[in-house]
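Have a look at the structure below before the remarks.
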There are 2 protein chains.
Amino acid sequence: MTAPLDSIFAALADPTRRTILAMLLEDDMAVTDVAEPFEMSLAAISKHLSVLERAGLIAQEKRGRLKWCKLEPAALKAPSVWMQGFGQFDPVNLDDFERFLAAEIKFQSSDAEQEGS
Amino acid sequence: MTAPLDSIFAALADPTRRTILAMLLEDDMAVTDVAEPFEMSLAAISKHLSVLERAGLIAQEKRGRLKWCKLEPAALKAPSVWMQGFGQFDPVNLDDFERFLAAEIKFQSSDAEQEGS
DNA sequence: ATGTTATTCAACCTTTTGGTTGAGGGTATG
DNA sequence: CATACCCTCAACCAAAAGGTTGAATAACAT
C-alpha cells in the first residue's frame with residue numbers, strides 16, 4: 001500500500017516536485033494552477049504530478065473537468081522514520097522548515113489563483 | 001556546506017546506498033568490506049560511495065591503503081526537517097526503524113568482516 | 001624489485017529521467 | 001452545434017544514472 005522508499009525519495013529529489021508539494025501544503029490545487037508558476041510545459045507538470053502520485057505523496061481526484069491534487073502527508077512517515085533512525089535530532093524546529101520553504105519556492109505568492117468549488 | 005536536498009534525496013533513493021548506510025550504522029568500514037555483500041563490482045560500489053559522500057551522508061578518510069567510510073548522520077537533519085514540515089508525526093518509533101532495516105538488508109549478518117584498528 | 005591488495009579512473013553501454021511538441025479525449029459553455 | 005478549456009498520451013530527444021570491464025595509481029609485503 002505505502003509506496004517503497006525508492007520511489008518516495010526519488011520523487012523528493014526533484015526541486016520542481018518539492019515546490020509543488022509546498023504549494024499543496026497551502027491548499028488543494030487543480031493541475032493547470034499547479035503548473036502556472038513554472039516555466040515548463042503543462043505536460044511536464046502533469047508528469048511530475050504522476051510521479052508524486054505513484055510515490056503516494058499526493059492524491060488526484062477528477063471533479064468535472066478539473067483534476068484536484070491534494071497532499072498525502074502520511075506518505076512521508078515511512079521515510080521520516082527511516083531517516084530518524086540514523087541520527088536522533090532535536091524535536092523538529094518549525095522555523096527551520098519555514099526557511100527551507102522560503103529558499104525553495106521561487107514564485108513569491110504569485111498570481112496563481114484557483115477557482116472555488 | 002550542507003549538501004542540497006536534491007543530492008541528499010537522490011542519494012537516498014537507491015536501495016544499495018540505503019543498505020550501505022545501514023551497514024555503516026554498525027561500524028565504520030573500508031571500501032572493499034562495504035562491497036563484499038553486494039553482487040556488483042567494486043567500481044560500482046566505489047561510485048555509490050562517492051554519491052553518498054557528495055551528498056554529505058558519509059565521510060571517507062584514507063589511512064594507509066584503506067579508505068574508511070563513516071556515517072555522517074548530521075546530513076540527514078536537513079531533509080528530516082523538510083519532511084516533518086509536511087506532517088507532524090508521533091515521536092519516532094524506533095521499532096519501526098528496526099523493521100525497515102530488517103526488510104532492506106538482504107545479507108543477513110553475513111561473513112563481511114573488517115580488520116581491527 | 002616484485003608482487004599483491006586497495007581503490008579509482010576512463011571508456012563504454014543501457015535504461016531512466018526530465019523535458020519538448022502535437023494530437024486527442026473529456027467536459028463545460030456560448 | 002461549435003468552441004474553448006483541462007489534462008493526458010505518444011513520440012521523440014538529450015542528459016544523467018547505474019552498471020560493466022580493463023588499465024592506472026598507491027601502499028604494503030616478500
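Computed from a predicted structure; not experimentally measured. Every heavy atom of this structure was used, including side-chain atoms; hydrogens, water molecules and symmetry mates were not.
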Nucleotide nearest A:Thr32 (side chain, heavy atoms from C-beta), chosen from C:dA6, D:dC6, C:dG19: D:dC6
From CZ (A:Phe38) to NE2 (A:His48), nearest 0.5 Å: 8.0 Å
Sort me out a list of protein N/O and nucleotides 2-5 of chain C N/O pairs below 3.5 Å, or just none if empty.
residue : atom : partner : partner atom : Å
C:dT5   : O4'  : B:Arg65 : NH1          : 3.3
C:dT5   : O2   : B:Arg65 : NH1          : 3.2

Pairing residues for A:Ala44 by the side-chain contact (heavy atoms from CB on, under 4.5 Å) criterion, not counting sequence neighbours: A:Met40, A:Ser41
N or O in side chain of B:Ser41 less than 4.0 angstrom from D:dT20 OP1/OP2: yes
For atom CD of A:Glu39 and atom C1' of C:dT20, their distance in whole Å: 15 Å
Value rounded to 0.5 Å, distance of CE in B:Met23 from CG in B:Leu71: 12.0 Å
Atom-pair distance (CZ on A:Phe38; P on C:dG18), nearest Å: 14 Å
Candidates D:dA26, C:dG26, D:dC7 - which lies nearest the side chain of B:Lys62: D:dA26
B:Ile45 CD1 to C:dA6 P, straight-line distance once rounded to whole Å: 15 Å
Residue pair B:Leu57 / B:Leu12, side-chain heavy-atom distance below 4.5 Å: yes
Salt bridge (Lys or Arg N to Asp or Glu O under 4.0 Å) partners of B:Glu39, counting only residues at least two apart: none
Any donor-acceptor pair under 3.5 Å from A:Ser46 side chain to A:Leu42 backbone: no
Any residue meeting side-chain contact (heavy atoms from CB on, under 4.5 Å) with A:Lys47, in chain and number order, not counting sequence neighbours: none
Check nucleotides 11-18 of chain D for protein N or O atoms closer than 3.5 Å to its own N or O atoms and list the pairs.
residue : atom : partner : partner atom : Å
D:dG18  : OP1  : B:Arg17 : NH2          : 3.4
D:dG18  : OP2  : B:Arg17 : NH1          : 3.2
D:dG18  : OP2  : B:Arg17 : NH2          : 3.4

Whole-Å distance separating the CH2 atom of B:Trp68 from the P atom of C:dA6: 11 Å
Salt-bridge criterion met for A:Lys70 and A:Asp27 (N-O under 4.0 Å): no
Integer-rounded Å distance: C:dA6 C1' and B:Gln60 CD: 13 Å
Nucleotide C:dT17, atom C1' - distance to CZ of A:Arg54 in whole Å: 11 Å
Interatomic distance, B:Lys67 NZ vs D:dC28 P [rounded to whole Å]: 15 Å
Contacts of type side-chain contact (heavy atoms from CB on, under 4.5 Å), residue A:Val51, not counting sequence neighbours: A:Ala11, A:Arg17, A:Arg54
Rounded distance (Å) that lies between atom P of D:dC7 and atom CG of A:Leu49: 9 Å
Below 4.0 Å: OP1/OP2 of C:dT7 and any side-chain N or O of B:Ser46: no
